[in-house]
There are 2 protein chains.
Amino acid sequence: MLVQNQGKNTEALGKVLLKEKGLKQTQLRIELIKHFNSAMHAQSYTDLKQAMVKDVDKSTLYRNLATFEEVGLIHSINDHSGVTKYAKGASPNSGQSHAHFVCDSCETVYCMKGKSELKYEVPQGFTPRNVQTIIRGNCAHCESSR
Amino acid sequence: MLVQNQGKNTEALGKVLLKEKGLKQTQLRIELIKHFNSAMHAQSYTDLKQAMVKDVDKSTLYRNLATFEEVGLIHSINDHSGVTKYAKGASPNSGQSHAHFVCDSCETVYCMKGKSELKYEVPQGFTPRNVQTIIRGNCAHCESSR
DNA sequence: TTTTATAATGCAACTTAGTTGCATTTGCAA
DNA sequence: TTGCAAATGCAACTAAGTTGCATTATAAAA
Ligand SMILES: [Mn+2]
Ligand SMILES: [Mn+2]
Ligand SMILES: [Zn+2]
Ligand SMILES: [Zn+2]
């Protein structure tokens with residue numbers, strides 16, 4: 001019964017989160033939050049579009065992603081692929097943040113645990129505020145299937 | 001006379017570089033190399049287009065940037081802006097690389113000296129190969145004019 | 001429960017960055 | 001000097017994301 005309830009529980013959690021942020025609880029938003037909670041890696045627009053039960057409009061989805069990012073429900077990641085990806089948790093706009101692992105083989109983006117520390121040498125006059133780290137290599141899945 | 005010759009010297013250097021890489025010495029390529037050598041920060045397509053004496057075609061410029069990157073004359077940088085920027089020097093595709101500083105105020109991208117070391121903890125099974133670091137903050141220019 | 005105001009959605013048209021196919025031109029080696 | 005592969009220019013295309021606006025749904029008030 002714990003397992004059966006899990007879906008409903010995360011749905012309830014999503015609703016609470018939306019209320020906290022002052023956002024209306026639409027079907028799409030609840031499903032999005034649920035999806036972000038269970039996703040093992042960062043999601044592209046296409047990933048999300050395909051994961052949604054009902055067909056979602058492009059602008060609606062992008063607008064919700066923008067809104068979610070603004071209120072700190074998700075953060076976005078830009079690897080070198082031209083496709084933005086999104087994952088659960090606030091944007092690391094100020095101070096520390098976690099690193100992202102981008103698989104060279106499957107292009108999947110993973111959020112890493114821990115935080116990248118801000119200890120880089122910058123030239124005189126420059127004021128660093130935040131560091132974004134992208135680690136490239138092979139993910140566990142691609143590495144094992146070689 | 002040293003100063004007067006500088007233009008010609010870097011031009012000659014560019015020609016040598018192109019020959020080394022097996023690329024034909026066109027006016028645009030020579031001018032591009034000269035420009036990259038004197039640029040104090042990473043250059044967008046628009047920056048480069050405007051810097052060229054003659055009007056350059058979009059595809060020609062982009063194709064040259066791709067070629068230059070392939071042969072290691074330049075590397076490209078993706079900040080969070082959607083506009084790729086380019087700077088002198090080989091792409092840090094394998095092993096270590098330098099960090100990039102992106103100014104939050106003027107969006108200028110600077111190549112930092114030194115190399116980012118590969119000392120991140122990744123999950124079991126993941127094989128890191130290379131790290132890309134973007135430092136955000138204010139550049140010396142924007143910081144001084146506040 | 002019904003009404004109402006506001007926020008969210010859907011659709012189409014647009015933008016921006018970059019790419020591709022192809023005919024023409026140019027650099028350079030023979 | 002000539003021949004040819006490589007480079008260029010043009011136009012048309014693509015992919016990702018954005019914008020304006022009319023319609024619809026959510027949530028609070030009545
Ligand atoms: Mn992340
Ligand atoms: Mn650089
Ligand atoms: Zn992979
Ligand atoms: Zn600046």
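Throughout, protein chains are lettered first and strands after them, A, B, ... in sequence-line order, and every chain is numbered starting at 1. Reckoned from all heavy atoms, side chains included, excluding hydrogens, waters and symmetry mates.
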Residues Asn64(B) and Thr67(B): side-chain donor-acceptor under 3.5 angstrom |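 Side-chain D/A pair, Asn64(B) to Thr67(B): absent.
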
Gln43(B)-His35(B) side chain donor-acceptor pair, cut-off 3.5 Å = yes

Atom pair distance, as rounded to whole Å: [atom1] in [X] and [atom2] in [N]:
X: Glu31(A); N: dA8(C); atom1: CD; atom2: C1'; value: 16 Å
X: Leu18(A); N: dA27(D); atom1: CG; atom2: C1'; value: 13 Å
X: Lys85(A); N: dA15(D); atom1: NZ; atom2: P; value: 16 Å
X: Ile30(A); N: dA27(D); atom1: CD1; atom2: C1'; value: 13 Å
X: Gln43(A); N: dA16(D); atom1: CD; atom2: P; value: 15 Å
X: Lys49(A); N: dT9(C); atom1: NZ; atom2: P; value: 14 Å

For Thr84(B), enumerate each residue passing the side chain to side chain donor-acceptor pair (under 3.5 Å) test, keeping only those at least two apart in sequence or located in another chain.
->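 By the side chain to side chain donor-acceptor pair (under 3.5 Å) rule, Thr84(B) matches Asn78(B).
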
Residues two or more places apart in sequence or in another chain: which of them pass side chain to side chain donor-acceptor pair (under 3.5 Å) with Asp79(A)?
->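 Partners of Asp79(A) by the side chain to side chain donor-acceptor pair (under 3.5 Å) criterion, ordered by chain and then number, come out as Ser81(A), Lys85(A).
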
Is there side-chain contact between Val131(A) and Thr133(B), with at least one heavy-atom pair below 4.5 Å?
->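 The answer is yes; the side chains approach within 4.5 Å.
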
Strictly below 4.0 Å, heavy-atom distances to any atom of DNA chain D: list the hits from residues 101-111 of chain B, or just say none.
-> none

Check each residue of residues 55-68 of chain B for a non-hydrogen atom within less than 4.0 Å of any atom in DNA chain D, then write out the ones that pass by number, or none.
-> Asp57(B), Ser59(B), Thr60(B), Arg63(B), Asn64(B)

Note: for Gln27(A) and Val83(B) on DNA chain C, the residue whose nearest nucleotide lies more 5' is Gln27(A)

Got a donor-acceptor contact below 3.5 angstrom from the Glu107(A) side chain to the Val102(A) backbone?
->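 No, Glu107(A) side chain to Val102(A) backbone: no donor-acceptor pair under 3.5 Å.
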
Would you tabulate the nitrogen or oxygen pairs shorter than 3.5 Å linking the protein to nucleotides 28-30 of chain C?
| unit_1 | atom_1 | unit_2 | atom_2 | d |
| --- | --- | --- | --- | --- |
| dC28(C) | OP1 | Gln25(B) | N | 2.8 |

Where does the angle between the aromatic ring planes of His98(A) and His75(A) fall among parallel (under 30°), tilted (30 to 60°) and perpendicular (over 60°)?
->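 Answer is perpendicular, since the angle exceeds 60°.
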
Quick check: are there more than 12 heavy atoms from other residues, nucleotides or ligands sitting under 6.0 Å from NZ of Lys15(A)?
->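 No, because the 6.0 Å sphere around NZ of Lys15(A) holds 12 heavy atoms or fewer from other groups.
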
Minimum heavy-atom separation for Phe101(A) to Asn138(A), with atom names?
-> CZ-O, 3.5 Å

Got a sec, which residues hit side-chain contact (heavy atoms from CB on, under 4.5 Å) with Leu17(A), two or more places apart in sequence or on another chain?
->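 Partners of Leu17(A) under the side-chain contact (heavy atoms from CB on, under 4.5 Å) test: Glu20(A), Ile33(A), Leu73(A).
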
Could you pick out which residue, Tyr86(A) or Leu28(B), lies toward the 5' side of DNA chain D when each is mapped onto its nearest nucleotide?
-> Leu28(B)

Under 6.0 Å between ring centres, would you say that holds for Tyr86(A) and Phe36(A)?
->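 Not close enough - the centres of the two rings lie 6.0 Å or further apart.
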
